[in-house]
Amino acid sequence: MDALRITDLKKKYRKGPEALKGVDLTVKKGEFFGLLGPNGAGKSTLIHCVTGLAVPTSGEIKVFGKDSQKEYQAARQAVGLSPQEVMSLDWFLNVEETLDYHGGYYGMPRKQRQRRVDELLKSFSLEDKRKASVRALSGGMRRRLVIARALMHKPKMLILDEPTAGVDVELRLELWHYMKRVNKQGTTILLTTHYIEEAEQLASRVALINHGEIVDIGTVAELKKKHKKKTLEDVYLAVVGREELARTAKADAETDPGAGEGKGFG
Ligand code: ADP
């Protein structure tokens with residue numbers, strides 16, 4: 001059974017564009033799958049449809065065989081979402097509570113939650129921050145906590161929405177280490193990114209998305225061979241276009257790298 005099977009997915013926002021124009025996508029069990037595309041391509045919309053945060057206009061999504069709409073509870077249970085915004089954290093909770101409440105939300109009994117919290121604090125190097133307030137954490141710790149929280153209920157698939165957007169190189173490498181390990185331990189990963197290098201480094205298979213359509217899909221080696229290019233960046237330029245790359249770079253510059261990182265909110 002596939003981890004994720006998306007068939008002819010369309011999403012038109014009521015007051016907005018047709019963000020997805022008939023997407024077909026399959027993620028295999030155990031895969032580290034990269035969804036790569038410029039800002040505005042439809043990556044978040046796709047993830048929101050999979051996780052039930054957005055309602056598809058048409059099409060079908062199956063998560064480990066469960067229909068995301070007809071069997072939404074089972075489908076949601078199978079997925080852990082690490083959202084784009086570190087702001088999704090509750091600034092008034094401490095680290096332990098952040099994880100514990102999330103487990104409670106997923107109906108985990110107390111004993112099981114305690115065990116899982118211990119495991120996650122250990123594997124994300126947050127043990128000595130157990131009682132620390134979220135707002136007192138460094139940017140890197142917050143990002144780690146968001147990923148740990150997504151794994152709290154032991155989902156079979158972890159969805160990472162732009163996990164390293166706007167972080168410095170050092171922190172990016174650190175986060176890659178954690179993501180790789182989660183995948184090695186058996187969790188399927190769907191990663192969205194607009195960083196070509198990130199998809200190249202992490203993903204066993206990559207789908208290129210632009211203007212709401214999957215424009216190509218394959219292993220990095222397959223894509224390079226097919227387009228007769230030496231790097232994934234050259235493939236991206238050929239398939240997605242130079243203008244889109246420039247657009248992404250511009251948006252990055254405007255978002256002020258490091259914004260929200262360790263600056264403190266209150
Ligand atoms: P990405 O994640 O690749 O940057 P998004 O999925 O966020 O792309 O956006 C795809 C398109 O849908 C963009 O044109 C964006 O402006 C639009 N869009 C996203 N969310 C909404 C919304 N809630 N209402 C209207 N339009 C939206």
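Side-chain atoms are counted along with the backbone in the values below, which use heavy atoms only and exclude waters and symmetry mates. Not measured: the values here are computed from a predicted model. As the structure lists them, so they are numbered: ligands from 1, and atoms in each ligand from 1.
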Review point. Does OH in Y72 sit with more than 12 non-hydrogen atoms of other residues, nucleotides or ligands closer than 6.0 Å?
Key: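 Open: at most 12 neighbouring heavy atoms sit under 6.0 Å from OH of Y72.
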
Check your understanding: Counting only heavy atoms not in E127, do more than 12 sit closer than 6.0 Å to its CD atom?
Key ->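 More than 12 heavy atoms, drawn from other residues, nucleotides or ligands, come within 6.0 Å of this atom.
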
Output the list of atoms in ligand 1 that are nearer than 4.0 Å to some heavy atom of [X], sorted by atom number.
X   : answer
A41 : 1 (P), 3 (O), 8 (O)
N39 : 4 (O)
P38 : 3 (O)
S44 : 1 (P), 2 (O), 6 (O), 7 (O)
K43 : 1 (P), 2 (O), 3 (O), 4 (O), 6 (O), 8 (O)
K15 : 25 (C)
A19 : 10 (C), 11 (C), 12 (O)

Check your understanding: Distance below 4.0 Å between atom 16 (O) of ligand 1 and any protein heavy atom?
Key ->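 Given the 4.0 Å cut-off, atom 16 (O) of ligand 1 does not count as touching protein heavy atoms.
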
Who's the nearest protein heavy-atom neighbour of [atom], and how far?
atom                    : result
atom 18 (N) of ligand 1 : Y13 CE1, 3.4 Å
atom 10 (C) of ligand 1 : G40 O, 3.4 Å
atom 14 (O) of ligand 1 : P17 CG, 3.5 Å
atom 6 (O) of ligand 1  : T45 OG1, 2.6 Å

Taking only Lys NZ, Arg NE, NH1 and NH2, and the carboxylate oxygens of Asp or Glu, determine whether [X] and [Y] approach each other closer than 4.0 Å.
X    : Y    : result
E162 : K43  : yes
E119 : R116 : yes
R130 : D118 : yes

Point to revise | Whether H153 and H102 hold their rings parallel, tilted or perpendicular, with breakpoints at 30° and 60° | key: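 Rings of H153 and H102: tilted, 30 to 60°.
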
Check your understanding: Are R113 and Y101 in a cation-pi setup, meaning NZ or CZ lies under 6.0 angstrom from the ring centre and within 45 degrees of the ring axis?
Key ->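 So R113 doesn't make the cation-pi contact.
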
Review point. Any link between F124 and I189 through a network of hydrophobic side chains (Ile, Leu, Val, Met, Phe, Trp, Tyr) touching at under 4.5 Å?
Key: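 Yes.
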
Practice item. Give a yes/no on ligand 1: does G42 have at least one heavy atom closer than 4.0 angstrom to it? Key: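 Judged by the 4.0 Å heavy-atom criterion, G42 does count as contacting ligand 1.
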
Check your understanding: Is the closest heavy atom of A54 to ligand 1 under 4.0 Å?
Key ->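 Judged by the 4.0 Å heavy-atom criterion, A54 does not count as contacting ligand 1.
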
Point to revise | Note, L191 side chain near P163 side chain (heavy atom, < 4.5 Å) | key: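 Of all side-chain heavy-atom pairs linking P163 with L191, at least one is under 4.5 Å.
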
